[in-house]
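In what follows, a structure is listed as structure tokens, so that the remarks can point back to it.
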Protein chains: 2
Amino acid sequence: MTHTSGAAEDYLKTIYAHTEWQSDLITPSALAVRLGVAPSSVTEMVKKLAASGLLTHVPYGPLALTDTGRLRATAVVRRHRLIETWLVGEMGYDWDQVHDEAEILEHSISDRLLAAINARLGFPAHDPHGDPIPSADGTVLRPPAVLLAEVTVGHTGTVLRISDRDPAVLRELAADLIGPGTEFTLAAALTIVLADGQSRQLTTAAAASIWVTV
Amino acid sequence: MTHTSGAAEDYLKTIYAHTEWQSDLITPSALAVRLGVAPSSVTEMVKKLAASGLLTHVPYGPLALTDTGRLRATAVVRRHRLIETWLVGEMGYDWDQVHDEAEILEHSISDRLLAAINARLGFPAHDPHGDPIPSADGTVLRPPAVLLAEVTVGHTGTVLRISDRDPAVLRELAADLIGPGTEFTLAAALTIVLADGQSRQLTTAAAASIWVTV
DNA sequence: GCTATGGTTTCGGCATGACTAAAACGGATG
DNA sequence: CATCCGTTTTAGTCATGCCGAAACCATAGC
């Protein structure tokens with residue numbers, strides 16, 4: 001219906017992403033920081049998106065996507081994650097190198113091409129970082145997960161997801177062969193032992209980026 | 001160096017395309033018609049491109065790409081044609097359906113992804129319409145060819161290329177199983193006989209879109 | 001040589017999209 | 001109830017790309 005430009009898609013995506021792994025609503029100022037724009041820019045775009053029926057916003061309050069807005073947002077996220085999965089699965093990219101390319105292509109790929117990519121990949125449920133790929137109808141299957149940083153020593157589990165917010169963390173973990181599916185025990189704060197008995201020393205930033213089974 | 005927006009790339013591509021199969025330079029008015037814009041818009045963009053050193057233009061004269069401009073143009077054409085080849089070769093598109101998708105992606109795909117696609121396809125020399133794919137350094141291998149419409153009755157040869165200007169022609173020829181590589185003899189004006197003895201009645205538009213061996 | 005004509009350019013302008021700084025504002029907190 | 005932080009309004013900027021109308025140039029025809 002409404003066209004939804006590249007920038008608008010980025011706003012929707014960011015608003016959606018904020019609620020994906022934590023449940024509080026995002027405020028205009030937080031959104032401004034995340035997007036690297038001035039607060040007044042957020043107000044302006046929010047006005048447009050609200051006028052298009054994509055989000056609701058009581059003045060001076062937080063932002064909440066409408067059903068339509070959420071669907072639009074998950075569509076962008078779906079494109080992004082399928083593209084990332086494709087780049088890693090078929091095009092020889094490493095998982096720490098796909099973000100920028102996906103960031104661009106997610107705004108220009110057609111539904112048809114996306115469907116073809118999806119079929120070639122065998123309809124994957126997760127992207128290379130372990131993030132769930134929303135289905136075309138907006139459904140997101142997200143397993144219960146906690147941050148490694150918030151788990152008690154002695155906890156045994158499996159890595160479910162690595163946040164792709166910090167590229168340096170991704171490179172570091174890729175070099176350590178830690179990724180979605182890795183089984184571990186938390187031996188001490190910031191120290192994990194893998195299934196093969198090897199141990200790994202993590203940075204604080206890494207522990208705050210790794211989501212694991214409860 | 002210079003950024004070269006999507007619109008600028010379309011201008012360069014169109015200027016280049018005009019000289020690819022015929023040798024006269026394009027005039028501003030012809031360019032305006034091809035792009036579907038007003039002549040004054042052409043003048044303006046030409047000014048920018050000339051300022052960026054991508055083309056030369058004596059006032060009231062025709063347009064000619066500089067070496068840099070030609071390289072920039074062939075890069076766009078290369079992206080377009082590799083994407084088309086990929087869509088047909090791996091993604092299940094028919095050759096008459098790829099143009100629009102390529103038109104969009106050609107402006108956003110990265111060099112790295114393009115190289116990966118190129119490698120997967122085995123470094124093809126031609127796209128699905130028979131157009132040569134320029135190499136990364138701008139080299140274009142173009143075989144001698146003539147329009148079917150300009151060939152004398154009795155001529156025997158091979159279809160080299162179908163212009164993708166007119167989608168209706170592409171669909172028509174696809175349905176008739178005529179494409180690059182098809183061998184034929186021109187039995188009468190607008191009538192060709194294929195290698196298996198079957199004959200085909202062509203439209204004028206088709207005959208003016210098919211390039212064949214000399 | 002001169003004029004008419006058709007293509008080209010200049011000019012003034014518009015629309016869109018996205019962004020900003022500064023000032024005004026509102027609501028919760030102390 | 002005053003303060004302060006976050007939000008909104010206001011009033012612009014900047015870039016891109018486009019247009020119509022009027023001025024302009026070069027050349028073909030007389």
Side-chain angles (χ1 to χ4, degrees), chain A residues 1-16 18-19 22 24-65 69 72-73 76 103-104 106-108, chain B residues 1-16 18-19 22 24-65 69 72-73 76 103-104 106-108:
Chain A
M1 156 142 282
T2 323
H3 165 246
T4 328
S5 70
E9 286 188 345
D10 284 340
Y11 277 79
L12 291 174
K13 187 179 60 169
T14 306
I15 294 167
Y16 169 79
H18 185 262
T19 55
Q22 60 213 60
D24 55 320
L25 296 173
I26 195 168
T27 62
S29 55
L31 185 52
V33 171
R34 281 260 201 112
L35 291 168
V37 299
S40 50
S41 305
V42 170
T43 306
E44 188 179 50
M45 181 61 90
V46 160
K47 221 184 301 178
K48 283 185 207 164
L49 295 174
S52 305
L54 299 173
L55 55 77
T56 56
H57 174 231
V58 295
Y60 297 95
L63 308 172
L65 295 174
R72 204 71 71 87
V76 180
E103 202 67 29
I104 295 171
E106 71 187 9
H107 299 303
S108 47
Chain B
M1 155 141 279
T2 325
H3 165 245
T4 329
S5 69
E9 286 188 345
D10 285 339
Y11 276 80
L12 291 174
K13 189 179 60 167
T14 306
I15 294 167
Y16 169 78
H18 186 263
T19 54
Q22 61 213 62
D24 55 318
L25 296 173
I26 195 169
T27 61
S29 54
L31 185 52
V33 171
R34 281 260 201 114
L35 292 170
V37 299
S40 52
S41 304
V42 170
T43 305
E44 188 178 51
M45 181 61 89
V46 160
K47 221 184 301 178
K48 284 184 205 162
L49 295 173
S52 305
L54 298 174
L55 55 78
T56 56
H57 175 230
V58 295
Y60 298 94
L63 309 171
L65 295 172
R72 204 70 70 87
V76 180
E103 201 68 28
I104 295 171
E106 72 187 7
H107 299 304
S108 47

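Checking the phosphate oxygens (OP1, OP2) of dT8(D), a side-chain nitrogen or oxygen of His57(A) falls inside 4.0 Å.
Residue Lys47(B) has its side chain nearest to dT10(C) when only dT9(D), dT9(C), dT10(C) are considered.
With respect to the salt-bridge test (charged N to carboxylate O, under 4.0 angstrom), the residues Arg72(A) and Glu9(A) do not qualify.
Panel note: side chain Ser52(A), backbone Lys48(A); a donor-acceptor pair is recorded below 3.5 Å. Within the 3.5 Å criterion, the main-chain N or O of Asp10(B) finds a donor-acceptor partner in the side chain of Thr14(B).
Between Leu65(A) and the options Leu25(A), Leu12(A), Leu54(A), a side-chain contact (heavy atoms from CB on, under 4.5 Å) holds for only Leu12(A).
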For every nucleotide of nucleotides 18-30 of chain C, 5' to 3': is a protein heavy atom under 4.0 Å from its base (B), only from its sugar-phosphate (S), or from neither (-)? SBBB---BS----
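In this structure, the side chains of His18(B) and Asp24(B) come closer than 4.5 Å at one or more pairs of heavy atoms.
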